[in-house]
Amino acid sequence: MPRGVESGERAGDAGAVEPAQDAEVRGREDREAGRGDSAGPWDGAARGAGRGEGKRKRRGRKGAEERQGGGSVWEGRGAAGAATGERADDGEPAERDAGDRGAGERGAGGRDAEGRAREICLRLLGMGPRTRAQLADALRRKGIPDEVAEGVLGRFTEVGLIDDEAFAQAWVQSRHSGRGLARRALAAELRRRGVAQETVNDAVETLDSEQEERTARRLIERKAAATRGVDPAKRTRRLVGVLARKGYPPGLAYRVVRDVLAEEGTEVEEMPDPD
């Protein structure tokens with residue numbers, strides 16, 4: 001029979017108080033037995049579970065580190081891809097082919113230069129007629145590459161925005177009637193503006209000798225009125241110099257001055273005719 005039951009029966013039957021020593025001994029035994037029970041299989045299981053949990057935690061930390069390391073690589077590739085316009089989430093390498101990238105940059109730069117060249121040409125042509133050489137010089141000063149400039153100028157020529165022949169003919173008529181310039185001065189101006197010599201010759205030939213002389217006479221008639229009272233010899237030299245600076249031949253200049261002054265009644269010293 002168990003000890004507790006036996007002691008309970010004695011206590012119940014006799015009503016006697018259990019000796020303090022026996023109670024203390026049994027209580028200590030019961031406590032030791034209890035500790036033994038709690039430290040037995042449950043304690044071992046707990047320790048096993050703790051060791052298993054520790055291993056799982058270590059494996060989990062290792063896997064996390066591996067995943068983190070792998071993620072940092074792709075994150076770096078993703079950053080590089082973002083800078084170059086590539087995707088990083090699908091595993092594409094961030095590096096692009098250097099040749100393709102250079103070609104793209106050159107293409108973009110070429111389109112930008114072409115647009116600038118068109119803008120420069122249109123702005124200058126809006127201000128007034130220009131020769132092809134004048135526009136080419138302007139593009140060169142603005143840093144437009146020669147091949148881009150040639151392409152733009154070629155297209156402008158094809159559509160008629162650049163026409164050196166029309167420019168030369170209009171220049172001759174305008175400068176002759178407005179400034180009284182002779183063929184020689186007009187040819188020099190056109191050459192300075194880059195017009196081809198053949199085009200220059202065709203333009204100045206539209207002025208004939210009679211038209212040139214009539215223009216010279218009108219110039220001297222206006223100037224003669226402002227030089228009245230000046231010594232005839234000095235006056236003659238001044239008027240001849242006016243025509244010479246406008247490109248008239250010496251012989252033509254002298255004949256016109258002499259005729260105008262003679263009509264006024266001024267005697268002009270005879271000079272040999274250079275023509």
Qualifying ring pair (Phe, Tyr, Trp, His ring centres under 6.0 Å) pairs, either residue in residues 209-252, two or more places apart: none
Which residues satisfy the side-chain hydrogen bond (donor to acceptor under 3.5 Å, both in side chains) test with Glu210, sequence neighbours excluded? none
Between Val230 and Tyr254, is there shared hydrophobic-cluster membership here, with clusters defined by ILVMFWY side-chain heavy atoms closer than 4.5 Å? no
Restricting to side chain to side chain contact (heavy atoms under 4.5 Å, CB included), what partner residues turn up for Arg245, sequence neighbours left out? Val242
Applying side chain to side chain contact (heavy atoms under 4.5 Å, CB included), name anything that partners Leu125, two or more places apart in sequence or on another chain. Arg130, Leu135, Phe156, Leu161
Arg218: what forms a side-chain hydrogen bond (donor to acceptor under 3.5 Å, both in side chains) with it, not counting sequence neighbours? Thr215
Between Glu150 and Glu147, is there a side-chain heavy-atom distance shorter than 4.5 Å? no
Compare all side-chain heavy atoms of Leu190 with those of Thr131 and state whether any distance is below 4.5 angstrom. no
Exercise answer: donor-acceptor pairs, residues 179-186 side-chain atoms, under 3.5 Å, sequence neighbours excluded:
from: Arg183; atom 1: NE; to: Glu212; atom 2: OE1; distance (Å): 3.4
from: Arg183; atom 1: NH1; to: Leu207; atom 2: O; distance (Å): 3.3
from: Arg183; atom 1: NH2; to: Ser209; atom 2: OG; distance (Å): 3.4
from: Arg183; atom 1: NH2; to: Glu212; atom 2: OE1; distance (Å): 3.2

For Asp259, give me all partners under side-chain hydrogen bond (donor to acceptor under 3.5 Å, both in side chains), at least two apart in sequence or on another chain. none
Working note: Ile144 + Val152, criterion side-chain contact (heavy atoms from CB on, under 4.5 Å); need CA distance, chi angles, decisive distance, verdict. CA-CA 11 Å; Ile144 303 298; Val152 171; over 6 Å; no
Could you measure the distance from the CG atom of Leu139 to the CD1 atom of Ile120? Nearest 0.5 Å is fine. 5.5 Å
Residues Glu221 and Arg217 bridged, charged N to O under 4.0 Å: yes
Checking side-chain contact (heavy atoms from CB on, under 4.5 Å) for the pair Lys246/Leu243: CA distance, chi angles, key distance, verdict? CA-CA 5 Å; Lys246 292 183 177 293; Leu243 294 180; 5.5 Å; no
Kindly list each side-chain donor-acceptor pair under 3.5 angstrom involving residues 196-204, sequence neighbours excluded, with atom names and distances?
from: Gln197; atom 1: NE2; to: Asn201; atom 2: OD1; distance (Å): 2.8
from: Asn201; atom 1: ND2; to: Gln197; atom 2: O; distance (Å): 3.4

Can you tell if the side chain of Ile162 reaches within under 4.5 Å of the side chain of Leu153, non-hydrogen atoms only? yes
Nearest heavy-atom pair of Leu124 and Ala138: which atoms, and what distance? CD1-CB, 3.5 Å
Which residues pass the side-chain hydrogen bond (donor to acceptor under 3.5 Å, both in side chains) test with Arg235, sequence neighbours left out? Thr227, Glu264
Any side chain to side chain donor-acceptor pair (under 3.5 Å) pairs touching residues 151-163, not counting sequence neighbours? Glu114-Arg155, Arg132-Thr157
Under the salt bridge (charged side-chain N to carboxylate O under 4.0 Å, His left out) test, residues paired with Arg175 that sit two or more places apart: Glu189
Pairwise distance CZ(Arg258) to OG1(Thr236) - rounded to 0.5 angstrom: 11.0 Å
Just wondering, more than 12 heavy atoms not from Gln173 lying within 6.0 Å of its CD? yes
Within residues 169-193 or reaching into it, pairs that qualify as ring pair (Phe, Tyr, Trp, His ring centres under 6.0 Å) - sequence neighbours excluded: Phe167-Trp171
